[in-house]
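Below you'll find the structure, written out as structure tokens, and then a few comments.
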2 protein chains.
Amino acid sequence: MGKRKTKQRDAIRAAFMAAERPLTSAEAHVLVQAEIPSLGIATIYRAIKDLLEEGWLVSMSIAGTTRYELADLGHHHHFHCNQCDKTFDIEGCVEDLASLVPKAFKILKHELTFIGMCQSCNGEMTS
Amino acid sequence: MGKRKTKQRDAIRAAFMAAERPLTSAEAHVLVQAEIPSLGIATIYRAIKDLLEEGWLVSMSIAGTTRYELADLGHHHHFHCNQCDKTFDIEGCVEDLASLVPKAFKILKHELTFIGMCQSCNGEMTS
DNA sequence: ATCGGTGCAAAGGGTTTGCAGGGTA
DNA sequence: TACCCTGCAAACCCTTTGCACCGAT
């Protein structure tokens, strides 16, 4: 009844560990197919669902798409590039964010996302 | 060749003005149908598309769904309730957010969203 | 009388589910 | 061997598009 170890799920976990940034289901699929070309998108979705439930991944909604990354990265935030549509991790946070919210609202977490152009795309524009 | 004034688009604009919070396309549809029951969802989507292009609405991606609100509300942020799935506006912001981002990244804007339980739902839980 | 907007239904794109076969334990 | 996982295809849901009709100008 426990989870079984399969090469598909190993490859999916490996893709998220290697990515070092949040991945969409489609991005994960492409990365994993480099290892296992026959792997179907349904397997990606089912694995992500299980990994979310067991707390190994967390999800976020950025730029109209759900993205997933390792749950144990610690508190951080994100930068989304409109040019290449990739999302990157940003270290650090700021104080007193919670003070913005009325006390009657119960805060579970917050998400801070910067939108703009990433280092790579910005460099290409100005070169 | 300009935009025409129709009762459907008037009702759609009125719904966003009255809502005082971001609405999903489905929420807007329900609200507008109270006024014009025959109004179809495609009309909502087409009107939103035009209103975004003319800068009257802005869109955001929260909790897996695209939401829209008036563009002229000034800088503010959002609170999303996991219980009722509604998103609310939060006044204010904090300083020095941009300092978190590496200088090579070009910031266009930022989005800050608190996730938790809103006043109404929180009250129902504890009563 | 134009021609943009609307309503309906079909088409698209992304995500989920049913099912038979394959692989782990 | 038992049964979870996979791959494929169908089903779903949300959004977009085609088309004929309606209605604002």
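The figures that follow rest on heavy atoms only: side chains count, while hydrogens, waters and symmetry mates do not. Letters A, B, ... are given to chains in the order of the sequence lines, protein chains preceding strands, and every chain is numbered from 1.
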Worksheet item: Think B/Gln8 has a side-chain N or O under 4.0 angstrom from the OP1 or OP2 of D/dC22?
Response: no
Could you list the donor-acceptor pairs under 3.5 angstrom formed by side chains in residues 88-96 of chain B, with sequence neighbours left out?
unit_1: B/Asp89; atom_1: OD1; unit_2: B/His76; atom_2: NE2; d: 3.3
unit_1: B/Asp89; atom_1: OD1; unit_2: B/His78; atom_2: NE2; d: 3.3

Practice prompt. Could you pick out which residue, B/Thr65 or B/Lys7, lies toward the 5' side of DNA chain D when each is mapped onto its nearest nucleotide?
Written response: B/Thr65
Worksheet item: What is the distance from CD1 of A/Ile12 to C1' of D/dC5, rounded to the nearest Å?
Response: 11 Å
Worksheet item: According to the interplanar angle, ranging from 0 to 90°, do the rings of B/Phe114 and A/His110 count as parallel (below 30°), tilted (30 to 60°) or perpendicular (above 60°)?
Response: tilted
Discussion item. I need the CG-C1' distance between A/Asp50 and D/dC4, as an integer number of Å.
Written reply: 10 Å
Item to complete: Could you tell me whether A/Arg13 and A/Asp10 have a side-chain N and a carboxylate O separated by less than 4.0 Å?
Response: yes
Response to the item:
Result for side-chain contact (heavy atoms from CB on, under 4.5 Å) between B/Pro22 and one of B/Glu69, B/Glu27, B/Lys86, B/His80 points to B/Glu69
Discussion item. Test: side-chain hydrogen bond (donor to acceptor under 3.5 Å, both in side chains). Region: residues 31-40 of chain A. Which pairs qualify, not counting sequence neighbours?
Written reply: A/His29-A/Gln33
Worksheet entry | Under-3.5 Å donor-acceptor pair between B/Arg4 side chain and C/dG5 base | no
Item to complete: Answer yes or no: is there a side-chain heavy-atom contact under 4.5 Å between A/Asp50 and A/Arg9?
Response: yes
Worksheet item: Are the charged groups of A/Lys3 and A/Glu53 less than 4.0 angstrom apart, N to O?
Response: no
Worksheet entry | Between C1' of C/dG4 and NZ of B/Lys3, the distance in whole Å | 9 Å
Worksheet item: For C/dT6, does OP1 or OP2 lie under 4.0 Å from any side-chain N or O of B/Thr6?
Response: yes
Worksheet item: Any side-chain N or O of B/Arg9 under 4.0 Å from OP1/OP2 of C/dT6?
Response: yes
Practice prompt. Please list residues of residues 26-44 of chain B whose heavy atoms come under 4.0 Å from any atom in DNA chain C, ordered by number; otherwise none.
Written response: B/Ser38, B/Leu39, B/Gly40, B/Ala42, B/Thr43
Worksheet item: Nearest to the side chain of A/Arg46, which nucleotide is it out of D/dC4, D/dT6, C/dC8?
Response: D/dT6
Item to complete: Would you mind classifying the nucleic acid contact of B/Lys5 as base, sugar-phosphate or nothing, using non-hydrogen atoms under 4.0 angstrom?
Response: sugar-phosphate
Worksheet item: Whole-Å distance between D/dT16 C1' and B/Ile48 CD1?
Response: 13 Å
Practice prompt. Mind calculating the distance between CD (B/Glu53) and C1' (C/dG4) to the nearest angstrom?
Written response: 15 Å
Worksheet item: Could you state the CG-P distance from A/Leu51 to D/dC5, rounded to the nearest angstrom?
Response: 11 Å
